[in-house]
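Quick caveat: nothing in here was measured; it's all calculated off a predicted structure. Order of listing sets the numbers, starting from 1, for every ligand and every atom in it.
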Amino acid sequence: MTTFDVFNGDADGICALLQLRLANPLESILVTGVKRDIRLLQRVDAVAGDRVNVLDVSLAQNRDDVLRLLDAGVELFYVDHHMAGEIPDHPGLDAIIDTAPDVCTSLLVDHYLSGRFTPWAVTAAFGDNLVTAAETIGRRAGLSQAQLERLRVLGTCVNYNGYGEAVNDLHVAPDALFR
Ligand SMILES: [Mn+2]
């Protein structure tokens with residue numbers, strides 16, 4: 001059984017996966033790319049019994065591959081805040097999708113993990129320019145103004161690292177940055 005971790009190469013995608021892997025460390029195949037490379041699931045060659053975690057890429061944009069993988073017997077865990085379209089009703093799909101404007105994927109993962117790694121969610125929220133949400137959740141978690149400021153800089157830098165035509169354009173490849 002193989003696990004694939006498919007994630008947007010921006011701060012939100014990387015910080016969402018960080019939270020999941022801090023909670024549940026395991027070896028996985030990382031599938032990611034530049035921030036604008038969102039049709040990531042077409043690169044996933046999973047078979048029955050495999051598990052695919054998908055973070056911060058639109059289900060609407062990956063719908064054909066979601067259906068392909070579900071039909072093949074793959075288990076999908078899908079967390080996202082982009083336009084999803086109709087969510088397939090399939091026992092192999094566990095989806096947490098919320099398109100509210102003050103939510104990002106890492107905040108959804110923070111909620112899913114009951115706030116175990118909130119500083120990473122705060123970092124991602126800053127990266128997605130959700131400043132109010134980042135500060136509110138960060139303060140509630142006991143972070144100081146100085147700590148919030150450091151996470152704001154980190155989230156902003158990781159977010160902008162994702163901009164480029166190809167992975168070679170980036171300062172750090174997103175999978176290397178995750179590791
Ligand atoms: Mn996002």
Inset, instruction - If you have a sec, read the angle at the Mn ion (ligand 1) from D128 atom OD2 over to D56 atom OD1, to 10 degrees. - result: 160°
Legend entry - N, O or S atom of H82 closer to the Mn ion (ligand 1) than 2.8 Å: no
Legend entry - Donor-acceptor under 3.5 Å (D50 side chain, V47 main chain): yes
Inset, instruction - Please find the N/O/S atom of H81 nearest to the Mn ion (ligand 1) and write down its name. - result: NE2
Legend entry - Atom of D12 closest to the Mn ion (ligand 1), considering N, O or S atoms: OD2
Inset, instruction - Would you mind reporting whether M1 and R51 have side-chain heavy atoms less than 4.5 Å apart? - result: yes
Legend entry - Salt bridge present between D65 and R68 (N-O < 4.0 angstrom): yes
Inset, instruction - Can you measure from CZ (R21) to CZ (R179) and round to the nearest 0.5 angstrom? - result: 12.5 Å
